[in-house]
Amino acid sequence: MNKFTPTKPAGARSVDDITGSRRLRRMRKADWSRRLVQENRLTVDDLIWPIFVVDGRQVREPIAAMPGVFRLSIDLAVKEAERAAKLGIPALATFPNVDISLRDQTGSHILDPDNVINRATRAIKDAVPGIGIITDAALDPFTSHGHDGILRDGIVVNDETVEQVAAAAVIQAAAGADIIAPSDMMDGRIGAIRDALDANGFQDVAIMSYATKFASAFYGPYREAVGTAGLLKGDKKTYYIDHANSDEAVREAEQDIAEGADMLMVKPGMPYLDIIRRLKDEFQMPTFAYQVSGEYSMIKAAGANGWIDGEKAMLESLLAFKRAGCDGILTYFAPEVAELLKG
Ligand code: PBG
């Protein structure tokens, strides 16, 4: 037997003068101990997959600014929904690119029960009843000017827009949407949507509030995807939150909770981890981040150029949302990351 006899010669310096025995690296020394003390984990249950739908059949249009993301016709969106369900992704969030001829000043086509979003909801629910469908009630893909609201004399008018958004929410719920997620930031929309849903028998349809949506440069690729990039003049600063502000974001979330929001979302994601943490600490609500198109494209582009390890950066970015307090993440990486987690 090899016996270890501790020795400490008289007058010797403590071997741990430098650290005072406080060595956090002890738990980092091996993979097994790192796994043992890991505080946060990313699982497939954390993922919501945003997809883009278009009219037609067998359409799979690449979006130049979002490598690996496509506009899908409903038949192919159904196939992707089947794949997502098999991977265990809990929910999809759908966004349309509608023909320019269907866009107008008020976004009236959003009220058509047979628009591409409502048809997609019915088709996906029919084929894959077990996957959650989240629809956006904002007007921007349906307006001729790309704003999220009705434009009157150069102003995005609040209350008239809220009525339109609430009516659209009811139509989306009737098509089978499980969660209405309005991304427009009009004041009072959450309460109006809740009332409209309840009045029409959709008490069980939930609302995910885009509670804190910031005026941001990170939405660029999405606007290409839904075809609003060329339409939008000016910016959305009169309705999205100034990205300099944090207290205002807390007030927005507070109001949306009071109006009946079931879940909160912070958007964009990675530059706003401080907001996620504040909201989670303050309200303990189910809290989500939208890792938006620009965030996706930055990681994809740098990865494709070999400037960063794209896969590792993707995983690190998503785990950061969990650490910040998120219950889940809307991310275009969802299927890729689900495959990876499975393997
Ligand atoms: C607008 C809307 C935006 C996104 C989804 N819906 C922002 C915008 O165009 O101003 C952004 C999503 C993304 O960038 O991934 N209601």
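One-based numbering along the sequence shown. Numbering of ligands and ligand atoms starts at 1, following listing order. Keep in mind that the numbers below use all heavy atoms, side chains included, and drop hydrogens, waters and symmetry copies.
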Give the numbers and elements of all ligand 1 atoms closer than 4.0 Å to a heavy atom of Ala138. 16 (N)

Any donor-acceptor pair under 3.5 Å from Asn115 side chain to Asp112 backbone: yes

Ligand 1 to Tyr290, heavy atom cutoff 4.0 Å, flagged ligand atoms 12 (C), 15 (O)

If we number the atoms of ligand 1 from 1 as shown, the ones under 4.0 Å from a heavy atom of Ser183 are 1 (C), 2 (C), 6 (N), 16 (N)

Can you tell which of Met185, Met66, Glu224, Arg223 gets a heavy atom nearest to atom 10 (O) of ligand 1? Arg223

Is the backbone of Phe288 close enough, under 3.5 Å, to the side chain of Asp327 for a donor and an acceptor to pair up by distance? no

Would you indicate whether Glu316, at its atom CD, is surrounded by more than 12 heavy atoms from other residues, nucleotides or ligands within a distance under 6.0 Å? no

For Asp140, the ligand 1 atoms with a heavy-atom partner under 4.0 Å come out as 1 (C), 2 (C), 16 (N)

Any heavy atom of Tyr240 sitting closer than 4.0 Å to ligand 1? yes

Ligand 1 to Tyr332, heavy atom cutoff 4.0 Å, flagged ligand atoms 12 (C), 13 (C), 15 (O)

Can you tell me the protein heavy atom closest to atom 6 (N) of ligand 1 and the distance? Tyr222 OH, 3.1 Å

Regarding Ser317 and Glu295, do their side chains bring together a donor and an acceptor under 3.5 Å, going by distance alone? no

Hey, is Gln291 one of the residues with a heavy atom under 4.0 angstrom from ligand 1? no

Tell me whether Thr228 reaches ligand 1 (any heavy atom closer than 4.0 angstrom to a ligand atom). no

Can you tell me if CD1 on Ile155 sees more than 12 non-hydrogen neighbours from other groups inside 6.0 Å? no

For ligand 1, which is the ligand I care about here, please tell me if Lys236 has any N or O atom under 3.5 Å from one of the ligand's N or O atoms. yes

Step-by-step salt bridge (charged side-chain N to carboxylate O under 4.0 Å, His left out) determination, Glu80 to Arg83: CA-CA 5 Å; Glu80 292 293 49; Arg83 177 161 79 105; 3.0 Å; yes

Looking only at side chains, do Tyr240 and Asp148 share a donor and an acceptor under 3.5 Å apart? yes

Ser293, any N or O under 3.5 Å of ligand 1 N or O: yes

Under 4.0 angstrom from ligand 1, any heavy atom of Tyr210? no

Measure the distances from the heavy atoms of Asp148 to every atom of ligand 1 and state whether one is below 4.0 angstrom. yes

Quick one: look up the protein heavy atom nearest atom 11 (C) of ligand 1 and list residue, atom name and how far away it is. Lys267 NZ, 3.1 Å

Under the 3.5 angstrom rule, does the side chain of Glu224 hit a backbone N or O of Ala64 as a donor-acceptor pair? yes

Close aromatic pair by centroid cut-off 6.0 Å: Phe218 and Tyr290: no

Ligand 1 contacted by Lys213 (non-hydrogen, < 4.0 Å): yes

Using the rule given for salt bridge (charged side-chain N to carboxylate O under 4.0 Å, His left out), can you reason through Arg278 versus Asp274, listing the C-alpha separation, both sets of side-chain angles and the distance that settles it, and then say yes or no? CA-CA 6 Å; Arg278 274 194 81 177; Asp274 59 319; over 6 Å; no

